[in-house]
Amino acid sequence: MKKTQSIMWGIILLSFVVGIALYQAMPEKMATHWNAAGEVNGYMPKIFGLFFVPYLLLFLLGLFLLIPKIDPLKSNIEKFRKYYDGFVVFLLVFLFYVHALTLAWNLGIRFNMTTALLPAMGLLFYYLGVMMEKAKRNWFIGIRTPWTLSSDRVWDKTHKLGAKLYKAAGVVALFAILFGKYAIFLLIIPIIFSSVYLFLYSYWEYRKEAGNHFVK
């Protein structure tokens, strides 16, 4: 765990160092937002453009380190802590990658932002599926519906299915770059479908469990 946390802090430190090193090279107004077609549609003053993500990383790390300490079911988090910490590293690396792409664009390197992001997003969602497969019932991490939080059996069944769906969504995102302007939809649609279906699935499983108890 200490080694993993050292990696997390290292990513954050690197993000600040890169921002400081490139401060003079950045334009006064930095491109910081792109639409689904990969076209710039938002700017920030460079002080915010350079350091928004580093401070966001710092905030998120503090939050993710706090969650296992304050969750009433913290003992369950410890059962999959290795995968939880792995997901935190994946998320921090992903955000740092987004930050690096933003800096590269503002240094004059031109590319399609959506195309550049899709493989990274695919890997992130795939690992989210890996973590879901191991996750035990808790209040902060995973598919938290009234029904998964009320039953270990419903939690486990929902997350077993969720792991498959999110891994599949990650694989689809990896290959979405082959579909040009429709690529973003191959990321968004599977994620929305998976989330809605899992919400309904957890309800159906809970009703089945409640029905079995009633019969008994």
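Numbers here are sequence positions counted from 1. Hydrogens, waters and symmetry mates play no part in the numbers below; they use all other heavy atoms, side chains included. The model shown is predicted, which means the values in this text are computed figures rather than measured ones.
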[X] side chain to [Y] backbone, donor-acceptor under 3.5 Å:
X: Tyr43; Y: Gly49; answer: no
X: Asn76; Y: Arg137; answer: yes
X: Arg153; Y: Glu205; answer: yes
X: Trp155; Y: Ala135; answer: yes

Item to complete: Please lay out, stage by stage, how Trp147 and Trp204 fare under the test side-chain contact (heavy atoms from CB on, under 4.5 Å).
Response: CA-CA 9 Å; Trp147 311 291; Trp204 294 330; over 6 Å; no
Item to complete: Run the numbers on Val40 and Trp105 for side-chain contact (heavy atoms from CB on, under 4.5 Å), then give the verdict.
Response: CA-CA 10 Å; Val40 179; Trp105 179 278; 3.6 Å; yes
List the atom pairs, with distances to 0.1 Å, where a side-chain N or O of residues 94-104 and a protein N or O form a donor-acceptor pair under 3.5 Å, not counting sequence neighbours.
residue, atom, partner, partner atom, Å
Tyr97, OH, Ala116, O, 2.8
His99, NE2, Leu50, O, 3.3
Thr102, OG1, Val98, O, 3.0

Non-hydrogen side-chain atoms of [X] and [Y] separated by less than 4.5 Å:
X: Phe125; Y: Val171; answer: no
X: Leu187; Y: Val172; answer: no
X: Thr145; Y: Tyr206; answer: no
X: Leu107; Y: Met26; answer: yes
X: Tyr83; Y: Val130; answer: yes
X: Val53; Y: Ser15; answer: no

Item to complete: Please work out whether the ring planes of Tyr127 and Phe90 are parallel, tilted or perpendicular, with thresholds of 30° and 60°.
Response: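 Ring orientation of Tyr127 relative to Phe90: parallel.
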Discussion item. For Phe16 and Tyr55, take the angle between the two ring planes, folded into 0 to 90°, and tell me which bin it lands in: parallel under 30, tilted 30 to 60, perpendicular over 60.
Written reply: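 The rings of Phe16 and Tyr55 stand perpendicular, inter-plane angle above 60°.
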With clusters defined by side-chain heavy atoms of hydrophobic residues (ILVMFWY) lying less than 4.5 Å apart, directly or transitively, does [Y] cluster with [X]?
X: Phe59; Y: Leu13; value: no
X: Ile7; Y: Val17; value: no
X: Ile188; Y: Met113; value: yes

Practice prompt. Return yes if a side-chain donor-acceptor contact under 3.5 Å exists between Thr158 and Thr148, otherwise no.
Written response: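 Thr148 and Thr158 do not have a side-chain donor-acceptor pair below 3.5 Å.
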What's the spacing between [X] [atom1] and [Y] [atom2] if we round to 0.5 Å?
X: Met131; Y: Phe80; atom1: CE; atom2: CZ; answer: 6.5 Å
X: Glu28; Y: Lys46; atom1: CD; atom2: NZ; answer: 4.5 Å
X: Glu133; Y: Lys164; atom1: CD; atom2: NZ; answer: 8.5 Å
X: Lys136; Y: Lys79; atom1: NZ; atom2: NZ; answer: 7.0 Å
X: Glu78; Y: Asp71; atom1: CD; atom2: CG; answer: 10.5 Å
X: Thr32; Y: Phe52; atom1: OG1; atom2: CZ; answer: 9.0 Å

Item to complete: Tell me, with the steps shown, if Trp9 and Leu61 meet side-chain contact (heavy atoms from CB on, under 4.5 Å).
Response: CA-CA 8 Å; Trp9 285 110; Leu61 179 56; 3.6 Å; yes
Discussion item. Go through it in stages, so that I can follow the logic: the residues are Leu128 and Lys167, the test is side-chain contact (heavy atoms from CB on, under 4.5 Å), and I'd like the CA-CA distance, side-chain angles, deciding distance and then a yes or no.
Written reply: CA-CA 7 Å; Leu128 177 60; Lys167 285 179 181 178; over 6 Å; no
Contacts under 3.5 angstrom, residues 189-196 side chains, donor-acceptor by atom type, not counting sequence neighbours:
residue, atom, partner, partner atom, Å
Ser194, OG, Pro190, O, 2.7
Ser195, OG, Tyr166, OH, 2.8
Ser195, OG, Ile191, O, 2.9

Worksheet entry | Sole candidate of Ile77, Ile70, Leu63, Leu66 that passes side-chain contact (heavy atoms from CB on, under 4.5 Å) when paired with Phe140 |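 Single side-chain contact (heavy atoms from CB on, under 4.5 Å) partner of Phe140 among Ile77, Ile70, Leu63, Leu66: Ile70.
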Fill in: Charged N-O contact under 4.0 Å between Asp85 and Arg81
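Salt bridge present between Asp85 and Arg81.
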